[in-house]
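See below for the structure under consideration.
Side-chain atoms are counted along with the backbone in the values below, which use heavy atoms only and exclude waters and symmetry mates. This structure is a prediction, so every number in the text was calculated from the model and none was measured. When a ligand or atom number is given, it counts from 1 through the structure's own listing order.
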Amino acid sequence: MTISISLPNNITIGGADFTLMAGPCSVESYEQTYAVAKSMNALGLRILRGGAFKPRTSPNAFQGLGLEGLKILRSVADEFNLLVISEVLGVEHIPLVTEYSDIIQIGSRNMQHFPLLWAAGEQPKPILLKRGFMSTISEWLAAAEHIASRGNQKIILCERGIRSFDSSTRNVLDVSAIAQIKETSHFPIIADPSHATGRTDLVPAASRAAIAAGADGLIVEVHPNPKEALSDGDQSLPLESLSAYVDDVKRIVSAMGKKL
Ligand code: PEP
Ligand code: MN
């Protein structure tokens, strides 16, 4: 039985309500974030994602706007009454990110960063714990227990794809992991079809599969101009596709007896 996590604005994750979080990979500017939030709000989406501290493979890639990015996220979200989810890369980011964000994201590369898990467990905001791209399900659940052991049970798991031999997609969405988590864990689980596939064209199909497997929600990357994105443009939905995407998601969500 999945526990439900209550968030501000009467939002619940893990019950009959399906949650669609969306937003840019990285917060790049006020205008970019505003454009995304405005479209989300028009479609009834309530949780805005955006990285301010970015875990980039190359040190030469855009590393995020840091504090400025958090301020942009918060002010845009407040304008539309949205909640914010943003990532922490280290223990030192926790005070800052918890000040500006409603949900704290721990990324794939940090799934077994134990001091970070402990520190996240010692503060009260909900945590989104992404699956390590080379981690087993039992390692992932053990990481969640590290957080819970420090007192914070408000944990949302996120299947974001695991590494495989086939380079035609960025990762492989482990659909059966979603069904397995529903059987063995009481934490809600959402899926990230953007990082799982790395390809905008595959995001809708991966989303449908995740919902059908029992996911409690999705977190999807959206950008006003993916070609110009400073990170993950190849997997971001352009704003003009968002409405059709949400309709597509809603069809499967209602077939599963849930509501978006
Ligand atoms: C992200 O959400 O932008 C991100 C970096 O995700 P992951 O940790 O799954 O790679
Ligand atoms: Mn990304």
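- Atom numbering of ligand 1 starts at 1 in the shown order; those under 4.0 Å from a heavy atom of Pro55 are 5 (C).
- Remark: Asp174 engages Arg131 in a salt bridge, criterion side-chain N to carboxylate O under 4.0 Å.
- Which parts of ligand 1 touch Gly107 is read off a 4.0 Å heavy-atom cut-off, strictly below it: atoms 8 (O).
- For the pair Ser207 and Tyr245, the tightest heavy-atom approach, listed with the atom from each and the gap, is OG-OH, 2.7 Å.
- Residue contact check for ligand 1: Gly51 places no non-hydrogen atom closer than 4.0 Å to it.
- Within the 3.5 Å criterion, the main-chain N or O of Ile104 finds no donor-acceptor partner in the side chain of Ser101.
- At a threshold of 4.5 Å between non-hydrogen side-chain atoms, the residues Ile47 and Leu7 count as touching.
- For ligand 1, the atoms sitting less than 4.0 Å from at least one non-hydrogen atom of Lys130 are 1 (C), 2 (O), 4 (C), 6 (O), 7 (P), 8 (O), 9 (O), numbered in the order shown with element in parentheses.
- In this structure, the side chains of Ile72 and Glu68 come closer than 4.5 Å at one or more pairs of heavy atoms.
- Looking only at protein heavy atoms, the nearest one to atom 2 (O) of ligand 1 is Arg49 NH1, 2.8 Å.
- For the atom pair CZ of Phe187 and CD1 of Ile5, the computed distance is 8.0 Å after rounding to the nearest 0.5 Å.
- Using modelled atom types, no side-chain atom of Lys259 and backbone atom of Ala16 make a donor-acceptor pair closer than 3.5 Å.
- Interface atoms of ligand 1 facing Arg109, defined by a heavy-atom separation under 4.0 Å, are 7 (P), 8 (O), 10 (O).
- Below 4.0 Å from some heavy atom of Lys54 lie the following atoms of ligand 1, by number and element: 1 (C), 3 (O).
- The protein heavy atom nearest to atom 8 (O) of ligand 1 is Ser108 N, 2.8 Å.
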From CA spacing to verdict: side-chain hydrogen bond (donor to acceptor under 3.5 Å, both in side chains), His195, Asp232: CA-CA 8 Å; His195 293 88; Asp232 288 350; 3.0 Å; yes

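- The closest side-chain heavy-atom distance from Arg208 to Arg251 is not below 4.5 Å.
- Within the protein, the number of N, O or S atoms lying under 2.8 Å from the Mn ion (ligand 2) is 4.
- Closest heavy-atom approach to atom 9 (O) of ligand 1 within the set Arg160, His195, Glu221, Gln235: this belongs to Arg160.
- Interatomic distance, CZ of Arg170 versus CG of Leu202, reported as 13.5 Å (0.5 Å rounding).
- The closest side-chain heavy-atom distance from Phe80 to Leu48 is not below 4.5 Å.
- Against a heavy-atom cut-off of under 4.0 Å, Cys25 is close to the following atoms of ligand 1: 3 (O).
- Look at Arg131 and you'll find every heavy atom at least 4.0 Å from all atoms of ligand 1.
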